[in-house]
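Read through the structure below, which is laid out as structure tokens, and then see the notes.
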There are 2 protein chains.
Amino acid sequence: MSHNRVDRRVQRTRQLLHNALLALIAEQGYETITVQNIIDRANVGRSTFYAHYQDKEDLLVSELDDLIYSLSWDVETLPVTDGEKESHRYTLSTLALFRHTQEHFSLYKAMVGGQGIDVVFKTTHTHFCRSIQAQIEQLVPDGGTPSVPPAIMAQYLAGALLTLLTWWLDNHMPYPPEQMDATFQALAMPGVWAVLGIQPDK
Amino acid sequence: MSHNRVDRRVQRTRQLLHNALLALIAEQGYETITVQNIIDRANVGRSTFYAHYQDKEDLLVSELDDLIYSLSWDVETLPVTDGEKESHRYTLSTLALFRHTQEHFSLYKAMVGGQGIDVVFKTTHTHFCRSIQAQIEQLVPDGGTPSVPPAIMAQYLAGALLTLLTWWLDNHMPYPPEQMDATFQALAMPGVWAVLGIQPDK
DNA sequence: ATGTTATCGAACACCATGTTCGATAACAGT
DNA sequence: ACTGTTATCGAACATGGTGTTCGATAACAT
């Protein structure tokens with residue numbers, strides 16, 4: 001009767017493939033990974049792989065969804081002290097992002113540092129854009145019309161932020177996340193305030 | 001005796017391959033191009049290709065050197081009115097860059113727009129970094145020590161600038177280069193001034 | 001217990017890569 | 001024009017990864 005049968009095998013297979021991919025990315029980088037490598041590591045048959053994903057990029061993208069979801073969740077719930085929150089009324093909430101990145105250093109370094117993975121950049125940039133644009137629009141004063149559309153500001157800021165994150169990872173995180181956040185805010189926000197026509201006096 | 005013999009054939013061959021690659025990139029994008037495509041288009045033998053370059057990325061990189069050289073030359077010599085120059089004493093010289101990009105729209109769009117080419121991004125970013133860092137260091141007040149190292153500021157600004165350029169190309173250049181330059185300056189420079197501790201009163 | 005469905009893995013066709021090598025033709029110098 | 005050199009050609013080849021097919025097997029839900 002019920003066609004809602006959920007075969008436990010498919011979830012298990014997908015999980016094995018995901019884990020194998022992440023492990024391989026951290027070990028040897030993405031480019032040189034072959035489908036054979038993935039299925040060997042995961043102990044999954046060749047035809048089974050292609051029954052689930054078109055190719056290794058398809059697997060990566062499906063993986064990315066999970067990662068970005070966990071990132072969003074972390075950024076919204078990671079402990080940020082009240083004092084930090086208070087002083088950030090007119091800024092973007094990027095401190096938790098730097099802390100999250102620090103915690104997943106080896107994986108993220110393999111994904112965006114060094115040669116990096118193209119699709120990871122694009123996807124992350126798109127995600128940053130959405131989040132930043134929403135925050136920008138909350139800063140726009142009532143009745144005001146910014147001289148630069150928020151969408152463009154978001155593009156700009158997401159690119160700058162991603163660049164800074166990449167640099168941080170590539171250079172083995174020479175500064176603590178708090179300082180990276182402060183650097184980003186110091187470089188980014190004065191321009192945003194000027195364009196929006198607001199003057200936050202600290 | 002003289003081993004300085006320069007065979008005209010090798011220059012011709014390299015030129016043919018370069019032209020073929022650019023044409024194919026503009027037509028169908030970089031990823032799907034095969035070595036066979038390149039040598040067919042260029043009317044060059046297979047073994048000849050591999051006598052000159054290791055693979056198609058090697059050819060692309062050698063191409064990039066030329067492109068960045070021509071870009072540098074353009075940026076330094078493209079006509080910029082005295083008025084524009086005057087008002088840019090405390091800013092970065094990016095206006096010529098936007099104009100240069102506009103002139104080579106179709107090629108640059110294929111190279112950094114859409115799917116883009118990874119190595120083009122990296123190389124361009126590195127080049128921007130060098131140029132911007134030099135300009136930043138000229139803005140540092142005598143005796144002052146910026147709270148953020150110029151190298152990091154250059155990373156940040158190069159990434160932001162490249163992102164803005166990419167967006168511009170991807171969206172079919174909805175604004176003139178002058179406005180794009182103004183947008184970049186408005187978003188970027190207040191942060192730079194604040195970090196450097198200078199206050200340019202226009 | 002039963003019918004269903006996911007997995008396995010070997011075998012396969014396919015395609016791009018990068019190399020080899022002998023023949024040919026363009027080259028520079030005299 | 002002659003000569004020795006060198007770049008080019010292109011066919012042939014080995015290599016390696018890709019994505020598919022299919023019959024057998026085992027895990028699944030009911």
Side-chain angles (χ1 to χ4, degrees), chain A residues 1-64 66 110 115 117-119, chain B residues 1-64 66 110 115 117-119:
Chain A
M1 191 72 6
S2 66
H3 282 275
N4 298 1
R5 313 202 331 181
V6 182
D7 204 316
R8 298 192 303 237
R9 284 174 290 180
V10 328
Q11 306 180 32
R12 195 186 88 100
T13 299
R14 295 180 103 98
Q15 193 62 51
L16 287 174
L17 289 173
H18 276 219
N19 293 345
L21 180 63
L22 286 188
L24 287 170
I25 285 179
E27 280 178 22
Q28 62 180 80
Y30 177 72
E31 295 300 334
T32 66
I33 295 178
T34 169
V35 173
Q36 197 63 46
N37 292 339
I38 300 174
I39 63 180
D40 284 351
R41 172 70 64 107
N43 276 316
V44 161
R46 185 167 192 76
S47 56
T48 306
F49 176 92
Y50 285 105
H52 286 277
Y53 306 101
Q54 288 193 346
D55 45 40
K56 74 170 181 173
E57 180 162 325
D58 194 20
L59 172 60
L60 174 66
V61 169
S62 125
E63 184 83 59
L64 266 186
D66 291 1
Q115 276 310 313
I117 311 177
D118 209 43
V119 65
Chain B
M1 194 73 1
S2 66
H3 283 276
N4 298 0
R5 313 202 332 181
V6 182
D7 204 316
R8 297 191 304 239
R9 283 173 291 179
V10 329
Q11 306 180 33
R12 194 186 89 101
T13 299
R14 295 179 103 97
Q15 193 62 52
L16 288 174
L17 289 173
H18 275 219
N19 292 345
L21 180 63
L22 286 189
L24 286 169
I25 286 179
E27 280 178 22
Q28 62 179 80
Y30 177 71
E31 295 301 333
T32 66
I33 295 179
T34 170
V35 173
Q36 198 63 45
N37 292 339
I38 300 174
I39 62 180
D40 283 351
R41 172 71 64 107
N43 277 316
V44 162
R46 185 167 191 77
S47 57
T48 306
F49 176 92
Y50 285 105
H52 286 276
Y53 305 100
Q54 289 193 348
D55 46 39
K56 75 170 181 173
E57 179 163 323
D58 193 21
L59 172 61
L60 175 66
V61 169
S62 126
E63 185 83 59
L64 265 187
D66 291 1
Q115 273 311 311
I117 312 176
D118 210 41
V119 64

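Throughout, protein chains are lettered first and strands after them, A, B, ... in sequence-line order, and every chain is numbered starting at 1.
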Heavy atoms only, 4.0 Å cut-off, all strands: where does N37(B) land among base, sugar-phosphate and nothing?
nothing

Where the side chain of D55(B) is concerned, which of dT18(D), dG18(C), dA16(C) is the nearest nucleotide?
dG18(C)

Starting the side chain at C-beta, find the nucleotide from dA26(C), dC8(C), dT5(C) nearest to R9(A).
dT5(C)

Tell me the interatomic distance from E31(B), atom CD, to dC15(C), atom P, rounded to whole angstroms.
20 Å

Would you mind reading off the distance between H52(B) atom NE2 and dG18(C) atom C1', rounded to a whole angstrom?
16 Å

Euclidean distance, atom CD1 of residue I38(B) to atom C1' of dA16(C) [Å, nearest integer]:
12 Å

D58(A) CG to dT18(D) C1', straight-line distance once rounded to whole Å
15 Å

Provide, to the nearest angstrom, the distance between the CD atom belonging to Q15(A) and the P atom belonging to dA6(C).
19 Å

Are the side chains of N37(B) and Q28(B) in touch, meaning some heavy atoms are under 4.5 Å apart?
yes

Quick note, D7(A) side chain, CB onward, closest among dA29(D), dC9(D), dA6(C) is dA6(C)

Counting only side-chain N and O atoms of Y50(B), is one of them less than 4.0 Å from OP1 or OP2 of dG18(C)?
yes

Taking any heavy-atom pair under 4.0 Å as a contact, classify T34(B): base, sugar-phosphate, or nothing.
sugar-phosphate

Calculate the interatomic distance between L59(A) atom CG and dG19(D) atom P; express it in whole Å.
12 Å

Do the side-chain N or O atoms of T48(A) get closer than 4.0 angstrom to the phosphate oxygens (OP1, OP2) of dC8(C)?
yes

Could you state the CZ-P distance from F49(A) to dT7(C), rounded to the nearest angstrom?
13 Å

Write down the distance between CD (Q11(B)) and C1' (dT6(D)), rounded to a whole number of angstrom.
15 Å

Are H18(B) and S62(B) linked by a side-chain donor-acceptor pair shorter than 3.5 Å?
yes

N or O in side chain of R46(B) less than 4.0 angstrom from dA12(D) OP1/OP2:
no

Is the cationic atom of K56(A) (NZ for Lys, CZ for Arg) positioned less than 6.0 Å from the six-membered ring centroid of Y30(A) and within 45 degrees of its normal?
yes

Identify, between I33(B) and R8(B), the residue whose nearest nucleotide on DNA chain C lies closer to the 5' end.
I33(B)

Between L64(B) and V119(B), which heavy-atom pair has the shortest distance, and what is it?
CD1-O, 4.0 Å

Could you say whether Q36(B) or R12(A) is positioned toward the 5' end of DNA chain C, judged by the nucleotide with the nearest heavy atom to each?
R12(A)

Output yes when at least one side-chain N/O atom of S47(B) is less than 4.0 Å from OP1 or OP2 of dG18(C), else no.
no

Considering only heavy atoms from C-beta outward, does the side chain of I25(B) approach that of I117(B) to under 4.5 Å?
yes

